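What you are looking at is a predicted structure, and each value in this text was computed from that prediction instead of being measured.
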Amino acid sequence: MHLIRSVVFAIVLTLITVPYALFATSIFWLPPMTRHRLITSWVPIMMWVIRHVLGIRYRIIGADNIPAGPAVVLSKHQSAWETIALQQIFPPLCYVLKRELLRVPFFGWALGMIPGIAIDRAAGKDAMAQVVEQGRERLKEGLWVVVFPEGTRVAPGAVRRYKPGGAILAKRAGVPVVPVAHNAGEFWRRNAFIKRPGEIVVSIGPVIDVKGVRADDINQRAEAWIENEMRRLFPHHYADAAANPGQAPAEDTSSIE
């Protein structure tokens with residue numbers, strides 16, 4: 001059944017994305033924020049398909065932690081699911097992404113029409129400068145910026161070094177950081193064709209104020225909250241947490257979907 005669901009999803013994804021990509025390239029003449037609004041109307045359609053074809057639902061803990069103004073979101077990265085879903089959970093946003101993605105047929109072409117932060121990861125320190133320069137512009141335009149500090153998708157239970165780019169951007173732009181933990185990789189694994197139905201839990205942490213705090217400390221606070229929350233909510237992926245389970249998460253009345 002999982003295979004059938006995944007095949008149907010792949011077909012529907014193609015049938016929806018290709019026309020959207022062609023539409024996106026045809027409206028290049030519109031203002032950037034207008035393009036963003038029109039092109040990202042793809043998101044709620046795909047989230048409906050993900051729920052009803054793949055059987056993947058989600059709920060949110062800590063929705064009341066979302067601030068009113070633009071912020072930098074530092075999120076766990078386990079799958080392609082969160083690159084879609086975070087656009088529905090948060091106000092209008094953009095991602096820090098590899099420039100090579102813009103060359104992917106259809107999907108990349110459409111991505112290039114949305115205001116974003118495309119960087120050359122091989123550029124070293126220059127890549128960091130690109131994140132800060134482009135990120136500050138996006139934030140001034142009213143967009144939120146999502147950064148995956150581990151730099152790539154990681155399997156459930158795995159941890160990679162948290163890079164400081166997102167924290168540096170938040171510090172330079174003077175906007176808060178919002179940490180996010182989730183378990184999307186349980187149901188939609190990296191590069192896996194077959195997805196499994198289930199409920200993804202997205203936990204949004206308390207805002208991290210950047211005033212009077214060094215970028216390295218901001219990054220460490222975000223990492224500590226995300227990784228502790230991952231162990232609290234999903235102890236079965238962590239041998240140390242499973243051996244000493246904490247209190248189960250209470251039902252959150254601010255949950256939205």
I would like to know whether Arg196 and Glu186 meet salt bridge (charged side-chain N to carboxylate O under 4.0 Å, His left out); could you show each step before the answer? CA-CA 8 Å; Arg196 298 191 302 108; Glu186 285 191 36; 5.0 Å; no

Could you tell me whether the side chain of Arg5 and the main chain of Val53 form a donor-acceptor pair under 3.5 Å? yes

Under 3.5 Å donor-acceptor, Thr14 side chain and Ala10 backbone: yes

Take the angle between the ring planes of Trp144 and Phe90 and call it parallel below 30°, perpendicular above 60°, tilted in between. tilted

Under 6.0 Å between the ring centres of Trp109 and Phe28? no

Tyr95 (side chain) donor-acceptor with Gly116 (main chain) under 3.5 angstrom: no

Between Trp81 and Tyr58, is the ring centre distance below 6.0 Å? yes

Salt bridge or not for Glu141 and Arg138, using N-O below 4.0 Å? yes

Show your reasoning for whether side chain to side chain donor-acceptor pair (under 3.5 Å) applies to Tyr162 and Glu227. CA-CA 11 Å; Tyr162 276 54; Glu227 294 305 325; 2.5 Å; yes

Would you mind listing the cluster partners of Met1? Hydrophobic ones only (ILVMFWY), side-chain contacts under 4.5 Å, chaining allowed. none

Please state whether the rings of His236 and Phe234 are parallel, tilted or perpendicular, taking 30° and 60° as the class boundaries. perpendicular

Scan for salt bridge (charged side-chain N to carboxylate O under 4.0 Å, His left out) pairs involving residues 200-226, sequence neighbours excluded, and state none if there are none. Arg214-Asp216, Arg214-Asp217

Can we say Glu199 and Arg59 salt-bridge, meaning some charged N sits less than 4.0 Å from an Asp/Glu carboxylate O? yes

Leu97 vs Leu111 side-chain heavy atoms within contact, under 4.5 Å: yes

Are side-chain N/O atoms of Ser203 and Glu229 paired as donor and acceptor at under 3.5 Å? yes

Could you work out, with ring-ring contact (aromatic ring centres under 6.0 Å, His included) as the rule, every residue matching His237, not counting sequence neighbours? none

